[in-house]
**Q** 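Input: one structure, supplied below.
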Amino acid sequence: MEKEPPNAIEQRLAKLTSLWMQFRERPDARICRWLLKDDEVKLVQGFIDLAQRPDHEIADLFFPLESTFSKPENYSVDLINELDERLKNEKEKTDFSIVWQPGVTPPGKSVSKHFLDNFSSFASALSTEELAVAFFNPPTWTPGLESWLIDAVSTGIPDRIRFIVLDLEAYPMFTRLADLYPEVVKTIRPELDMMSAMIQLASAGDPADPGVKFRKAFLVLSQAAAKKDLQRFEQLANEPLGIARQQGWKHLEIAVFALKGSTLLSINKFEDAISTYENGRLIAQSAADQGDPIGQTLSMQMLLCKGSVGIAMKDYKLASEQYALAGDKADEVGDQFQIMESRRMQGYCLEQLKNKQAAWAAYNLSLNAGEQLDISIRQNSTLPYVGRALLDMADTLLKKEEYFSLENRLNNLLGQGWLAKHSQTASAI
């Protein structure tokens with residue numbers, strides 16, 4: 001029996017593997033710069049994750065390094081500490097047996113030499129001839145990282161190590177690096193055509209099945225939305241809308257309105273966006289009135305979308321009203337996370353309107369809802385911004401007792417030191 005051909009994602013992962021193998025065979029190449037479209041980033045990150053598996057055909061060892069770039073003189077130390085910690089964790093979980101200890105590099109003019117020396121010594125400790133590959137993947141990009149990499153190239157990247165950086169076609173960060181060292185820095189545009197891949201996946205199954213037909217039509221519609229081609233969007237929207245209405249799939253009918261609303265918002269057609277989201281809300285409310293439990297949730301989502309249009313318009317009165325209604329809906333369905341978000345944004349809008357007492361009340365409702373969430377959700381949510389906004393308001397409104405009570409409450413909710421991590425945040429938006 002013939003083996004089924006790989007699906008669209010597997011085909012593209014195979015292409016990325018081939019491109020990497022071509023890169024690693026270039027004798028002078030040291031930095032692989034993937035120059036990507038927005039929708040290609042996740043797949044390339046997924047490829048790097050897969051390449052770390054022991055059974056992957058690429059034998060090279062990939063090490064994603066996520067240290068935030070702060071000061072050039074500290075970055076090498078941060079990277080080595082991160083690598084050392086990762087290797088210790090690997091040894092605890094597996095029979096990882098590489099013998100390596102970070103060394104000290106004498107201070108000098110090169111800000112990257114400490115990392116280069118240590119990563120090179122690590123590569124030398126590998127049992128075979130595979131490469132050690134550092135994937136620089138900090139949470140935020142700064143121009144300083146490009147300068148650090150330029151320093152690394154000028155210092156000399158050793159034979160056994162390679163670097164990977166991801167760059168975006170729309171906002172390239174490493175153009176100067178690539179232009180200065182074209183033989184060392186190889187720019188790869190994988191041209192993955194992710195939209196075609198998604199359409200191929202969506203088309204799997206019986207082509208006459210309404211679900212398959214809707215998925216395919218909606219993805220084609222999404223492509224028009226991504227290109228902000230409103231005329232083509234209008235032409236294409238009738239097909240998925242017709243299927244959704246014929247099947248009674250109100251949630252999918254609303255999905256089309258939501259996509260249209262976001263498209264209109266992206267081209268600053270604010271009034272049309274509000275009208276479109278309101279149409280979606282009416283459909284959702286109709287579903288709720290007919291007993292569909294998802295109707296209230298979808299109605300809340302449309303109100304949140306209308307609020308975002310108000311923010312874009314700087315019509316904070318409109319936005320605060322929509323967020324207040326969304327908060328009411330979230331109360332009805334008992335969604336504490338969305339109560340927190342709706343009241344947070346309501347509070348922000350009221351602040352912009354100089355209605356501080358009402359903003360104070362809204363932020364407190366947001367905090368009360370956030371208090372109901374699991375601690376892991378709280379610490380990774382927008383609740384710290386709410387806390388900061390409340391402390392600032394308690395200070396300006398001279399609510400001294402409330403300030404100290406809030407401070408203790410927030411420390412219990414978010415952990416000691418939470419405020420320092422958010423000290424640069426100007427508002428709760």
Side-chain angles (χ1 to χ4, degrees), residues 218 221-222 224-226 228-230 233-234 237 240-241 244-245 249-290 292-355 358-359 361-363 365-366 369-370 381-383 385-386 389 427-429:
F218 189 81
L221 187 65
S222 300
K228 301 182 182 181
D229 187 343
L230 186 59
F233 187 101
E234 297 280 11
L241 272 176
R245 286 168 178 164
W249 294 336
K250 290 190 180 296
H251 62 295
L252 295 182
E253 186 179 352
I254 293 166
V256 176
F257 279 100
L259 183 60
K260 181 179 179 181
S262 66
T263 305
L264 289 163
L265 177 57
S266 72
I267 57 177
N268 298 333
K269 288 186 172 292
F270 299 128
E271 296 298 336
D272 289 341
I274 288 173
S275 177
T276 299
Y277 286 135
E278 177 61 12
N279 286 337
R281 188 196 69 78
L282 291 172
I283 296 168
Q285 191 57 53
S286 171
D289 293 342
Q290 294 171 27
D292 188 338
I294 201 173
Q296 292 284 55
T297 298
L298 292 173
S299 178
M300 174 187 65
Q301 291 295 336
M302 291 299 97
L303 289 165
L304 289 170
C305 289
K306 288 175 70 178
S308 70
V309 180
I311 292 283
M313 296 170 67
K314 299 192 184 318
D315 185 342
Y316 296 111
K317 182 176 184 298
L318 169 68
S320 67
E321 291 168 352
Q322 302 308 311
Y323 288 124
L325 291 170
D328 293 342
K329 288 290 182 187
D331 276 326
E332 290 178 25
V333 299
D335 188 333
Q336 298 299 324
F337 185 86
Q338 291 297 354
I339 295 171
M340 179 187 72
E341 286 297 284
S342 301
R343 300 305 181 187
R344 172 178 70 88
M345 292 306 302
Q346 181 190 1
Y348 170 79
C349 294
L350 290 166
E351 263 198 288
Q352 308 314 302
L353 294 168
K354 310 300 181 187
N355 192 343
Y363 280 141
L365 289 174
S366 179
S381 72
T382 56
L383 191 60
Y385 305 136
V386 176
S427 72
I429 192 169

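This chain uses plain numbering: 1 for the first residue, then up along the sequence.
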**Q** If you measure only the distance, is there a donor-acceptor pair under 3.5 Å linking the side chains of Tyr363 and Glu351?
**A**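 Distance-only check passes for Tyr363 and Glu351.
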**Q** Give the C-alpha distance, both sets of side-chain angles, the deciding distance and a yes or no for side-chain contact (heavy atoms from CB on, under 4.5 Å) between Glu341 and Leu304.
**A** CA-CA 9 Å; Glu341 286 297 284; Leu304 289 170; 5.6 Å; no
**Q** Are any non-hydrogen side-chain atoms of Leu365 and Ile339 less than 4.5 angstrom apart?
**A**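 Side-chain contact under 4.5 Å: no.
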**Q** Apply the side-chain hydrogen bond (donor to acceptor under 3.5 Å, both in side chains) test between Lys329 and each candidate in Gln338, Gln301, Gln285; give the one that qualifies.
**A**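 That would be Gln285.
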**Q** Going from OG on Ser366 to CD on Gln346, what distance comes out if it is rounded to the nearest 0.5 angstrom?
**A**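 Nearest 0.5 Å value for the OG-CD distance: 10.0 Å.
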**Q** Can you tell if the side chain of Leu325 reaches within under 4.5 Å of the side chain of Lys306, non-hydrogen atoms only?
**A**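 In short, these two side chains do not touch, never coming nearer than 4.5 Å.
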**Q** For Gln290, check side chain to side chain donor-acceptor pair (under 3.5 Å) against everything at least two apart and list the hits.
**A**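 Once residues adjacent in sequence are excluded, the partners of Gln290 under the side chain to side chain donor-acceptor pair (under 3.5 Å) criterion are Ser286.
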**Q** Decide side-chain contact (heavy atoms from CB on, under 4.5 Å) for Ser275 and Phe257; before the verdict, give the C-alpha distance in whole Å, the side-chain angles of both, and the deciding distance to 0.1 Å.
**A** CA-CA 10 Å; Ser275 177; Phe257 279 100; over 6 Å; no
**Q** What I want to find out is whether Lys260 reaches Glu234 closely enough, with some N-O distance under 4.0 Å, to be called a salt bridge.
**A**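 So Lys260 pairs with Glu234 through a salt bridge.
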**Q** Mind listing the closest non-hydrogen atom pair of Met302 and Gly280 along with its distance?
**A**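 Reported closest heavy-atom pair: CG-C, 3.7 Å.
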**Q** Testing the basics here: between Ser266 and Thr263, what is the closest heavy-atom pair and its distance to 0.1 Å?
**A**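 Closest approach of Ser266 to Thr263: OG-O, 2.6 Å.
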**Q** Considering non-hydrogen atoms only, spot the tightest contact between Cys349 and Ser320 and give its length.
**A**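 Looks like CB-CB, 3.7 Å.
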**Q** Rounded at 0.5 Å granularity, tell me how far CG in Leu383 sits from CE in Met340.
**A**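 These two atoms lie 6.0 Å from each other.
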**Q** Look up atom NZ in Lys250 and atom CD in Glu253, then write down how far apart they are to the nearest 0.5 Å.
**A**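 Output value for this atom pair is 6.0 Å.
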**Q** Compare all side-chain heavy atoms of Leu264 with those of Tyr277 and state whether any distance is below 4.5 angstrom.
**A**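 No, too far: nothing below the 4.5 Å cut-off.
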**Q** Rounded at 0.5 Å granularity, tell me how far CD in Gln296 sits from CG in Asp331.
**A**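 Going from the CD atom of Gln296 to the CG atom of Asp331 covers 11.5 Å.
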**Q** Given the rule in the side-chain contact (heavy atoms from CB on, under 4.5 Å) test, do Leu221 and Val256 qualify, once you have shown the distances and angles that lead to the verdict?
**A** CA-CA 9 Å; Leu221 187 65; Val256 176; 4.0 Å; yes
**Q** Check whether any side-chain heavy atom of Lys269 sits under 4.5 Å from a side-chain heavy atom of Leu230, and report yes or no.
**A**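 Side-chain contact under 4.5 Å: yes.
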**Q** Evaluate the side-chain proximity of Leu265 to Phe270: yes if any heavy-atom separation is below 4.5 Å, no if none is.
**A**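 Heavy-atom side-chain distance check passes, below 4.5 Å.
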**Q** Are the side chains of Ser222 and Leu259 in contact, using a 4.5 Å heavy-atom criterion?
**A**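 When only atoms from C-beta onward are counted, Ser222 and Leu259 do touch, with a gap below 4.5 Å.
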**Q** Would you say Ser299's side chain and Gly295's backbone share a donor-acceptor pair under 3.5 angstrom?
**A**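 No, because the side chain of Ser299 does not come within donor-acceptor range (under 3.5 Å) of the backbone of Gly295.
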**Q** Side chain of Tyr348, backbone of Val386: donor and acceptor closer than 3.5 Å?
**A**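 No, Tyr348 side chain to Val386 backbone: no donor-acceptor pair under 3.5 Å.
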**Q** Measure the shortest side-chain to side-chain distance between Ile311 and Met345 over non-hydrogen atoms and say whether it is less than 4.5 angstrom.
**A**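 Of all side-chain heavy-atom pairs linking Met345 with Ile311, at least one is under 4.5 Å.
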**Q** Quick one: CG on Asp315 to CD on Gln352, what's the gap to the nearest 0.5 Å?
**A**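 Here the rounded value is 12.5 Å.
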**Q** When you compare the side chain of Leu318 with that of Ile274, does any pair of heavy atoms fall below 4.5 Å?
**A**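 Answer yes - side chains close enough.
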**Q** Kindly compute the distance separating OH (Tyr323) from CG (Asp328), expressed to the nearest 0.5 Å.
**A**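 Rounded to the nearest 0.5 Å, the OH-CG separation comes out at 15.0 Å.
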